[in-house]
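Written below as structure tokens is the structure these notes are about.
Start at 1 and go down the list; that is how both ligands and their atoms are numbered. For the single chain, residues carry numbers from 1 onward in sequence order.
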Amino acid sequence: MKIAIGSDHAAFELKERLVGYLLKKGIEVINCGAYSIESTDYPDYAKKVSEKVVSKECDFGILLCGTGIGMSIAANKIKGIRAALCMFPDMALYARKHNDANVLVLAGRLMGVELAEWTVDAFLSTDFEGGRHERRVKKIEELEE
Ligand code: RB5
């Protein structure tokens, strides 16, 4: 599995912790920045990570900003992206099961490291259920046209 991850300055530290966590699990990671706590603009990282998911260079994306809200808004502007802001593991589980989310968004200023790790685990270990949810995801795709 290959993951693209990115954050702005507000979530830089949590993002770096998650990079280490994923690598330790044997997951390939492309760290799209930010690379320091210097002030940056979250849409730049939403774009970088989302492009790697849409092009299928990566299986999933993980995006973090202070609240996760800006990253969600930005990433969901990109065709083919279903970004889900998840504050705890069950949200991530259903984001995969029901919504086939391909980008997990986390709130760097509102989540502790362990909660973020558990939420990532739930996201990466859950498959899309398909069935009636397939029809709904197709309708989302139609909204992009
Ligand atoms: C940056 O201060 C902050 O606005 C950003 O990280 C994010 O929370 C936006 O939604």
Next on the checklist: List the residues meeting salt bridge (charged side-chain N to carboxylate O under 4.0 Å, His left out) with Glu134, not counting sequence neighbours, and say none if there are none.
Outcome noted: Lys138

Checklist entry - With Glu51, which residues qualify under side chain to side chain donor-acceptor pair (under 3.5 Å), at least two apart? => result Lys47

List, for ligand 1, each N/O atom that has a protein N/O partner under 3.5 Å away, with both atom names and the distance.
residue  : atom   : partner : partner atom : Å
ligand 1 : 2 (O)  : Arg109  : NH1          : 3.3
ligand 1 : 6 (O)  : Asp8    : OD2          : 2.6
ligand 1 : 6 (O)  : Gly66   : N            : 2.8
ligand 1 : 8 (O)  : Gly66   : N            : 3.2
ligand 1 : 8 (O)  : Thr67   : N            : 2.9
ligand 1 : 8 (O)  : Thr67   : OG1          : 3.2
ligand 1 : 10 (O) : Thr67   : OG1          : 3.3
ligand 1 : 10 (O) : Gly70   : N            : 2.8

Quiz: residues 82-89 side-chain donor-acceptor pairs under 3.5 angstrom, not counting sequence neighbours:
residue : atom : partner : partner atom : Å
Arg82   : NE   : Asn99   : O            : 3.3
Arg82   : NE   : Asp100  : O            : 2.9
Arg82   : NH2  : Asp100  : O            : 3.0
Arg82   : NH2  : Asp100  : OD2          : 3.3

Checklist entry - Any idea how His133 and His98 line up, ring-wise: parallel (<30°), tilted (30 to 60°), or perpendicular (>60°)? => result parallel

Checklist entry - Got Leu104 and Arg96 here, is their nearest side-chain heavy-atom distance under 4.5 Å? => result no

Checklist entry - Given Thr119 and Leu106, is the side-chain contact (heavy atoms from CB on, under 4.5 Å) satisfied, shown in steps? => result CA-CA 9 Å; Thr119 306; Leu106 300 168; 3.8 Å; yes

